[in-house]
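These notes are about the structure you will find just below.
What you see below is based on every heavy atom in this structure, not just the backbone, and it leaves out hydrogens, waters and symmetry mates.
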Amino acid sequence: MSEADDFGLFSVMGSVARQEALERSRVLRARKGQALLSKGDHSTDIFFVLEGRLQVLLYSVSGREISLRDLAENDMFGEMAAIDGESRSASIIALSDARLLVMSRADFRTAIESSPEAALWLMRHLTARIRTLTERVFELSALNVQSRLHCELLRLAARSPTGLEIRPAPTHAELANRIGTHREAVTREMRSLTAQNIIRTGRRRLEFVDLARLQTSVGRLTQPGGEPDRSA
């Protein structure tokens, strides 16, 4: 599968090991809305996203949906269970039709244990995840809804190929799930940002008109000496 040769973990594997791993892997197609993993599952496969968009979710006892992050092409998930053998820590739902490459835990561990380059790649991948989670813990603890939304919008911009447009953009309800608030609060702030000519929105489209202003606002709050605001 040549399309995976320069893809994440496969890009740092030796050619022979990569070919063997790809031959033993399988392609999985998922439909929009399909659950690929559920929290508490005891499966240990690792998934690499070739096409499509997915979402990492947790559900409260009351059924409230909490979005942890989105997944897109070149992302990987399922590695935690493959590393420690514990149950799945979250649920994965397809936001669109998707195509994934599935690798077994045994092949994943062989790749990591036999290649220093692969082990270093995994360390960097997990470190990036920790940094992102650290940022989100800080935001939920120290920032108000307005500032949390601004931070989330900057993350969206960073993942965009151009950095200036998101298509398809998440709904206001999806944004609310990500930052721990309700849809109405997100709608109010998005309208305010539009009125200030910082963003422009359309049908499942989000354009950053003045990204620098958003970056400046967030930078003041997240740098040492910034004023935390815990009000909702």
Next on the checklist: Using side-chain heavy atoms (C-beta onward) and a distance below 4.5 Å, is Tyr59 in contact with Ile66?
Outcome noted: no

Item to check | Close side-chain approach of Met190 to His172, heavy-atom, < 4.5 Å | outcome: yes

Checklist entry - With side chains defined as the heavy atoms from C-beta onward, is the minimum distance between Asp210 and Asn197 less than 4.5 Å? => result no

Checklist outcome for this item: Residue set satisfying side-chain contact (heavy atoms from CB on, under 4.5 Å) with Glu20, at least two apart, ordered chain then number -> Val16, Arg24

Checklist entry - Can you list every pair that meets salt bridge (Lys or Arg N to Asp or Glu O under 4.0 Å) and has a residue in residues 110-129, with sequence neighbours left out? => result Glu79-Arg129, Arg109-Glu113

Checklist entry - Which pairs, with at least one residue in residues 38-49 and sequence neighbours excluded, count as a side-chain hydrogen bond (donor to acceptor under 3.5 Å, both in side chains)? => result Ser43-Arg88

Checklist entry - Going by atom types only, do Ser147 and Asn144 share a side-chain donor-acceptor pair under 3.5 Å? => result yes

Checklist entry - Taking C-beta and beyond as the side chain, do Leu9 and Ile112 meet within less than 4.5 Å on heavy atoms? => result yes

Checklist entry - Can you name the side-chain contact (heavy atoms from CB on, under 4.5 Å) partners of Glu189, sequence neighbours left out? => result Gln146, Leu149, His150, Ser192, Leu193

Checklist entry - Would you call Asp75 and Phe48 a side-chain contact if the rule is heavy atoms closer than 4.5 Å? => result no

Checklist entry - Under the salt bridge (charged side-chain N to carboxylate O under 4.0 Å, His left out) test, which residues partner Glu23, sequence neighbours left out? => result none

Checklist outcome for this item: Those residues at least two apart in sequence (or on a different chain) that pass side-chain hydrogen bond (donor to acceptor under 3.5 Å, both in side chains) with Thr201 are none

Checklist entry - Does the side chain of Leu156 come within less than 4.5 Å of Leu175's, by heavy atoms? => result yes

Item to check | Side chain proximity check, Val49 to Leu101, heavy atoms < 4.5 angstrom | outcome: no

Show me the donor-acceptor pairs, under 3.5 Å and distance only, between side chains in residues 177-186 and residues at least two apart or in other chains.
unit_1: Asn177; atom_1: ND2; unit_2: Glu65; atom_2: OE2; d: 3.3
unit_1: Arg178; atom_1: NH1; unit_2: Glu152; atom_2: OE2; d: 3.1
unit_1: Arg178; atom_1: NH2; unit_2: Asp70; atom_2: OD1; d: 3.3
unit_1: Arg178; atom_1: NH2; unit_2: Asp70; atom_2: OD2; d: 2.2
unit_1: His182; atom_1: ND1; unit_2: Glu184; atom_2: OE1; d: 3.2
unit_1: His182; atom_1: ND1; unit_2: Ala185; atom_2: N; d: 3.2

Checklist entry - Residues in salt bridge (charged side-chain N to carboxylate O under 4.0 Å, His left out) with Glu165, at least two apart? => result Arg167, Arg205

Checklist entry - With Phe77, which residues qualify under ring-ring contact (aromatic ring centres under 6.0 Å, His included), at least two apart? => result Phe47

Item to check | side-chain hydrogen bond (donor to acceptor under 3.5 Å, both in side chains) partners of Ser60, counting only residues at least two apart | outcome: Ser62

Checklist entry - Is the shortest distance from a Lys or Arg side-chain nitrogen in Lys32 or Asp97 to a carboxylate oxygen in the other one below 4.0 Å? => result no

Checklist entry - For Arg69, which residues count as a side-chain hydrogen bond (donor to acceptor under 3.5 Å, both in side chains) partner, sequence neighbours excluded? => result none

Next on the checklist: Is any side-chain heavy atom of Leu71 closer than 4.5 Å to one of Val56?
Outcome noted: yes

Item to check | Contacts of Arg204 that satisfy side-chain hydrogen bond (donor to acceptor under 3.5 Å, both in side chains) - sequence neighbours left out | outcome: none

